[in-house]
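Just so we're clear, the structure is a prediction, and the values are computed from it rather than from any experiment. Here is how names work: the chains are called A, B, and so on, in the same order as the sequence lines, proteins then strands, and each is numbered from 1.
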Amino acid sequence: MSFPTLEDEIAAWWEAHGIVKKTLAHGDASRPFVFFEGPPTANGRPGIHHVEARSSKDIMVRFNRMLGKKVIGARGGWDTHGLPVELEVEKKLGFAGKPDIEKYGITEFNAACRQSVWDYIQEWEKLTQRIAFWIDLEDPYITYDNKYIESLWWIFKQLNERELLYRDYKVTMHCPRCGTSLSDHEVAQGYQDNTDDPSVWIRFKHTPTNHALDAQVADAAFLAWTTTPWTLPANAGLAVNPEATYVLAEHDGQRYIVAEALVGAVLGETATTVASFTGVDLQGLRYTPLFAGVGDNGAAIDLSSAYRVVADEFVSLEDGTGIVHIAPAYGDLEIGRKYGLPTLFSVDLAGKVLSSFESLGFAGLFFKEADPKITRHLKEQGALFKSGRVLHTYPFCWRCKTPLLFYAKQSWYIRTTALKQQLIDNNKKINWVPEHIQTGRFGNWLENNIDWAISRERYWGTPLPVWACDNCQHIDVVGSLAELGERWGQDTANLDLHRPFVDAPTWACHACEAGTMQRIPDVADCWFDSGAMPIAQWHYPFENQELFEVAGQADYISEAIDQTRGWFYTLHAVSTLLFDRPAYKNVICLGHLLDGKGDKMSKSKGNIVSPWEVVEKYGADAVRWYMFAAGQPYNPRRFSADLVSESLRQFLLTLWNTYSFFTTYANVDGWTPAVAQGDLAAIDRWALARLNGLVRDVRNDLTNYDMNTPAKRLEQFVDELSNWYVRRNRRRFWGSEMNGDKQAAYSTLYTCLVTISKLLAPFTPFVAESLYQNLVRSYDQNAAESVHMALFPEADLALIDDELIRKTDLLLKAVSLGRAARKNAGMRVRQPLSEVLVRLPRGEQLDELSAELSDELNIKSVRWLGVGDGLVSYRFKPNLRSVGKKFGKLVPALREVLAGLSSEQAADAAHKVETGASFEVEVEGQTLTLAADDVLMEASSPEGYAVAEGEGLLVALVTTLTDELLREGIAREIVRNLNDARKAADLAITDKINATLGSEVDLAAVVAEYADYIKAETLCENLSVGDASANQHTSTMELEQGKLSLGISKIA
RNA sequence: GGGCGUAUAGCUCAGCUGGUUAGAGCGCGAUCCUGAUAAGAUCGAGGUCUCUGGUUCGAGUCCAGAUACGCCCA
């Protein structure tokens, strides 16, 4: 059995019959199920984690389609813009940064980017198909399409009209040499430990205004610490921790304000505390600026709100002075904005000190070189408390090793904070799997929402549709190609909406009638592309307006946890901004797949598992099944190919074996499902009860977006079907003529297999299809053409006989104990025994299943033990669940009292408990009344039997062997060995034989009594005793009496 | 540094509102069963449930703190 081969055949059959297309179109349009495909970029190879993600998407889509719904949005989608794409191309072209791109030409560069995003498209499509993630790959949405971009423009215009689009500073990590901002990812690559930097403590002299503490802190100075003296000319404020304690301390005749926790470290032990304050009280105090503040590009700036103390949680007391110098332009922009501090500048984008500081002698210096000069200047001004050097971690450009600047640049923002409450409220309407994301990671993120910095000074992306007047700064946001054409006065039909073509249209500003409207150079954050996909994939509102009414909000999406602040957020933000509703109703947030050692898979570690390797070896279904069954997909999980192999053997092969058992005999008997179901035996009713319970549960689980629990239920069921139902019923399928009982066995197993094929369809589409085609379509051409267009099974609740299921569970336990008892007594199962004694838990009886028990254990009779028969004694334990609440602290003593009951007391108690009556015990001087349910009663082993016990059950075997039993045992040994011989001789199961038993052992009595039995069991026509003839296959078997030779020959 | 999550047998994972001897599968050893089985059964070896403290008659489970790892953010 090769699953990969089977899958290839099924895939070919799907292809030949157009099944994927038919299925995608299938379903009741009045019951839509909307799915959003989170677009991957195809400029890298798909990994095994993509198999996980795509399987998780597929299973829910398939399931809902099988509920009869019409799935909308099952189409491919490709994310094509963004910095990662640009970097990839830069690398290929050997570029060192933006100047190289400008030199090369934006047209050519963007053409290269457009090309590069498809590098691995074929592999993505192949893998998507191979693992049967059924989406329309012929009509994907592509984020660089003009139509897609036009929808984004429409969104920008909406936002602008509602005043949600604005321009402000944003701190970026800037390389002064390359003249570009770096992405977080790039910055992370360039941190260097042990960077030698200055470490200076600065005095900020208090200035009295109208503050309550003015008098107290008169003539004192705030002490702040920094390792970047070059930012001091841009200082706009000082920050303290609102909850920390600060002191006014005297040191060398000077007064300083520092955090109490750091006073020793900063001022030394000799400092004396004059007064102390809570941080929040210092808020609003003012100080004398060190430098004259300078605005952006040297512009004059309103300084009325500058040079004061603010209080914020972010201030730490671990190092420094507990007072933090704030330079909004160089890293503290959020704080500056939060407290209304102006954004002052000291160096420009090339890292050179601004010319405004000319008179101080350090203008034009590179910021690192300016550090000592600035420090000396401060010393001369008396503002330096002390200085030194420090080794710490600092970021450098990963390309050119230049130290990076935190730099506030003008940037475009979407004012998401204006809709913070709506974002939070809409999140409450989303069903998160797992739940904790909703209030945890995602909820917290929304609570701390900051405006969305939407612009990037890059090339390959959706151009912001913002035109600005070069004279009066008037802004015009363009919402469509048509609008652009109108303003520009030219036809835009063939205009590529990418730089540099989109930069060409200009027009006269009608606000000032002097300037020219020119597009700002920025492109959009590519997260905006994917967050807007619900709208842009349909080119809404320019097309598909009716469809969008339904398709604009997803029933289901799924991606990995790293998308919380990525796609999950951008979808949510765009949908809330535009429509004030969540973009998706249900979301499964996958955990990451880790490698065999628990490490993250990454290219750099070289521990990526290729999906192809696993899929080719074990098949897509095995991989899919592993993804669903191996654990909750939202937990991080370890992955290795061996684990897939295990899950294949464990589940798919067991199922397959059960299925081949069925087909083998159905073929022998020419059985078809178009006949009456026959007389159901108890075990048939059990199987159908379990099956319908399974259907009910699996349906319910999947409805709740749980894919792991149903996978485990299916594993459990298939295991029981194979190892109990089939094993117990082999005899019913084998040999006898067709009758009501055999019919019942066939139809029961058939029903189970057909139902499983449908239940499995969302999980393992190939195997499910194979079973379905052979079991259903081969008999019924009117059935749905593919299992994937069939309806998901519905449970017949009337068949779920819980009582029978419970009893069968008990029976299985008794069987298991019986096998253990046989093992303990050294009694092989083939040797019949005379009697088994079984003590069941109180109130249980298994009379109607006793035949199953004696047959399975090969024991002639079953005797149920009761309290009155004197064979066993009893012992008691408290039933903690009920007794704990009643007796509390007495429980330990009660446990001892019960354990120490005399045999008379125990027998007496057993009689009472057996009838459901209560009994009394003395515990620590108190008389406690114990109801029957307050204790657990266990039977103790009777003497002289082979015994096993557990879970309230006791099984004891009578091991005395009579001659009669021994003869039967020998007969069974012979049957077993003859059947082995048949197998060894490669006979078909229906071949008839002649058999010869050797004469080494006297078997006259056995043969006389059991010849018919042996012949029937082995399809033997003639059974003789003597020497095997020359044409017979011979073998030898061991009996207690000695060796016995066997010979068999096939009857032609 | 912050938020969120994870930690149970050699491996991969269950363990419901606190309850009796903490389970399953794989792997290992032994024995057995079997004309569907690449399977299965029984027994065995393998656990200080990451650590420390607390609540409780009772903690893998609840609370607090710590450690390690992952993701996101600084």
A:R822 vs B:rA41: side-chain N/O to OP1/OP2 distance below 4.0 Å | no
Got a donor-acceptor contact below 3.5 angstrom from the A:Y394 side chain to the A:L404 backbone?
-> yes
Which whole-number value in Å describes the distance from A:L655 CG to B:rU37 P?
-> 16 Å
A:P434 near the nucleic acid: base, sugar-phosphate alone, or nothing, with a heavy-atom cut-off under 4.0 Å?
-> nothing
d(CG, A:L936; P, B:rU21) in whole Å = 10 Å
Check the angle between the aromatic planes of A:F442 and A:W432 and answer parallel, tilted or perpendicular using the 30° and 60° thresholds.
-> tilted
Looking for any heavy atom pair under 4.0 Å, which part of the strands does A:Q632 touch: base, sugar-phosphate only, or nothing?
-> sugar-phosphate
Distance check: side-chain N/O of A:Y665 vs OP1/OP2 of B:rA36, anything under 4.0 Å?
-> yes
Just call it for A:D719: base, sugar-phosphate, or nothing, with non-hydrogen atoms closer than 4.0 Å on any strand.
-> nothing
Report the distance from atom CD of A:E715 to atom P of B:rG25, rounded to the nearest whole Å.
-> 11 Å
Ring-ring centroid check A:F661 A:F733, cutoff 6.0 Å | yes
Partner nucleotide, any strand, of B:rA9 [Watson-Crick/G-U, under 3.5 Å] = none
Round to a whole Å and report the spacing from NZ of A:K813 to P of B:rG23.
-> 13 Å
Decide if atom NZ of A:K617 counts as having more than 12 heavy atoms of other residues, nucleotides or ligands within a radius under 6.0 Å.
-> no
Just call it for A:S722: base, sugar-phosphate, or nothing, with non-hydrogen atoms closer than 4.0 Å on any strand.
-> base
Expressed in angstrom and rounded to an integer, what is the separation of A:Q926 atom CD from B:rC57 atom P?
-> 15 Å
When rounded to the nearest Å, what value does the distance between C1' atoms of B:rC16 and B:rU12 take?
-> 22 Å
Using a 4.0 Å heavy-atom cut-off across all strands, classify A:I437 as base, sugar-phosphate, or nothing.
-> nothing
Just how far, in rounded Å, is P of B:rA36 from CG of A:D669?
-> 14 Å
Can you tell me how far C1' of B:rU34 sits from CD of A:E973, to the nearest Å?
-> 13 Å
A:R730 vs B:rG35: side-chain N/O to OP1/OP2 distance below 4.0 Å | no
NA contact type, A:T658, heavy-atom cut-off 4.0 Å: base, sugar-phosphate, or nothing?
-> base
Looking at B:rU20, B:rU34, B:rG35, which one has an atom nearest to any side-chain atom of A:R830?
-> B:rU34
Report yes if the distance between the aromatic ring centroids of A:H174 and A:F406 is under 6.0 Å, otherwise no.
-> no
A:N444 side-chain N/O to B:rG3 phosphate OP1/OP2 under 4.0 Å = no
Which residue lies toward the 5' end of RNA chain B, A:R819 or A:R972, if each is placed at its nearest nucleotide?
-> A:R972
Report yes if a side-chain nitrogen or oxygen of A:S816 is closer than 4.0 Å to either non-bridging phosphate oxygen (OP1 or OP2) of B:rU42; otherwise report no.
-> yes
Rounded to the nearest angstrom, tell me the gap between atom CZ in A:F662 and atom P in B:rG35.
-> 21 Å
A:R976 has a side chain; which of B:rU21, B:rC33, B:rC71 sits nearest to it?
-> B:rC33
How is A:N635 classified with respect to the nucleic acid when contacts are heavy atoms under 4.0 Å: base, sugar-phosphate, or nothing?
-> sugar-phosphate
Between A:K889 and A:L978, who's closer to the 5' end of RNA chain B by nearest nucleotide?
-> A:L978
Counting N and O atoms only, with roles assigned by atom type, does the side chain of A:Q438 sit under 3.5 Å from a partner on the main chain of A:N427, one being a donor and the other an acceptor?
-> yes
Look through every strand shown and name the nucleotide pairing with B:rU52 as Watson-Crick or G-U wobble, where both distances are under 3.5 Å.
-> B:rA64
